[in-house]
Amino acid sequence: MSEVRYLSRAWALLTRSRGWPVVVLMLCACALVPVAGGAFALGYEVEWARDIALGLDESPRQRGIDVGRCLGQGLRALAAALGWCAVWVALGCLAMAAFDGAYLGSHGEGPDVWWIVSQLPDALLFPWSPAFLPTLAVSAPCVTLAAAAGVRSAVRRDARRDLGGVVGMVGRDPGGCARVAAAAALVTFACGLATSLIGMLFVPLLLIALAARNVLLAFVPVLADWLLGTASLALVSLLLHAMVGLWVRQFAVPGRDAGGPSDWAAPTPPA
């Protein structure tokens, strides 16, 4: 399966239902709720990827969503992917600081580490920044491995930080993992470019509002720009998890693995 096939298949699954934009808007709304909103969004995406990994070709659920289950799954996935998330944050922040002086602060006071960390997701939507391509280059493989760890934990229904398990999957199919990461980078680049170009259309309205000192009017382009960026990140994350689910399918579904039935299609029963 080529990177085009992973991406086209993921897109077909996402858009199979006509209401898929509602899913993106729902994940945008989650961004308004600190911590719990992010956990729910992650759990929702991982649950969908889990279904894909287990052989179901369905679009994201729009009705009958178990909020508690998604919250719990989000926390388990985050725990399982914590190591890869830490690698992503560390490498991403280094790339941003090394290639874009704006992140180093002015007057030589040095970088504000926490501010750089908070800006990392948004930095992937600004292709005009010198740090965009380096940040994208280190982010794509890291987030792909983090998503794989989360999906693996969902299939096993546990939250063990089993780095070896993900490394083992990559060792058995490095080309597939690389193609998913490349496709994720391609989607991120396309969304970042589109977001930046569309965002430029809001600039004249913002300038008019500022000139007229109309706070309400100025809020409209700011809100539209935030919604556009948040929707882009949600779309990228949905497609990434769908592609990871398709890649993990060869390990998660018995009989699909070239080496025989999967050894982790279900949680190991207690001794």
_Check against side-chain contact (heavy atoms from CB on, under 4.5 Å), Tyr44 and Val67_ = CA-CA 8 Å; Tyr44 177 85; Val67 176; over 6 Å; no
Minimum heavy-atom distance between [X] and [Y], given as atom pair plus value:
X      : Y      : answer
Ala77  : Gly150 : CB-CA, 3.8 Å
Leu71  : Ala39  : CD2-CB, 4.1 Å
Trp48  : Ser59  : NE1-C, 3.6 Å
Arg61  : Gly64  : CD-O, 3.6 Å
Ala31  : Thr230 : CB-CG2, 3.9 Å
Ala181 : Thr144 : CA-OG1, 3.5 Å

Side chain to side chain, [X] and [Y], heavy atoms closer than 4.5 Å:
X      : Y      : value
Ile65  : Cys70  : yes
Pro60  : Val23  : yes
Val155 : Phe251 : no
His241 : Leu42  : yes
Gln250 : Asp173 : yes
Trp84  : Cys142 : no
Leu193 : Trp128 : yes
Leu125 : Ser196 : no

_Lys/Arg N to Asp/Glu carboxylate O, Arg9 vs Asp57, below 4.0 Å_ = yes
*Give the intermediate values and the outcome of side-chain contact (heavy atoms from CB on, under 4.5 Å) for residues Leu120 and Met96.*
CA-CA 8 Å; Leu120 180 55; Met96 291 165 66; 3.4 Å; yes
*Decide side-chain contact (heavy atoms from CB on, under 4.5 Å) for Thr135 and Leu91; before the verdict, give the C-alpha distance in whole Å, the side-chain angles of both, and the deciding distance to 0.1 Å.*
CA-CA 8 Å; Thr135 304; Leu91 294 180; over 6 Å; no
*Examine distances only and state if a side-chain atom of Arg50 and a backbone atom of Ala154 form a donor-acceptor pair shorter than 3.5 Å.*
yes
*Backbone N or O of Ala148 within a donor-acceptor pair of the Trp247 side chain at under 3.5 Å?*
no
Enter the distance from [X]:[atom1] to [Y]:[atom2] here, rounded to the nearest 0.5 Å.
X      : Y      : atom1 : atom2 : answer
Met243 : Ser8   : CE    : OG    : 10.5 Å
Ser129 : Gln119 : OG    : CD    : 10.5 Å
Asp225 : Met200 : CG    : CE    : 11.0 Å
Leu235 : Leu240 : CG    : CG    : 11.0 Å
Leu233 : Leu27  : CG    : CG    : 11.0 Å
Arg76  : Ser153 : CZ    : OG    : 7.5 Å

Would a hydrophobic clustering, with Ile, Leu, Val, Met, Phe, Trp and Tyr connected at side-chain separations under 4.5 Å, put [X] with [Y]?
X      : Y      : result
Trp20  : Ile52  : yes
Val151 : Phe40  : yes
Val89  : Phe99  : no
Tyr6   : Val170 : yes
Val87  : Leu136 : no

*Under 3.5 Å side-chain donor-acceptor pair for Trp88 and Ser139*: yes
*Should Glu45 and Leu238 be marked as a side-chain contact (heavy atoms from CB on, under 4.5 Å) after you check the CA-CA gap, both sets of side-chain angles, and the distance that decides it?*
CA-CA 6 Å; Glu45 293 164 353; Leu238 280 166; 3.8 Å; yes
_Tell me whether the rings of Phe189 and Phe132 are parallel (<30°), tilted (30 to 60°) or perpendicular (>60°)._
tilted
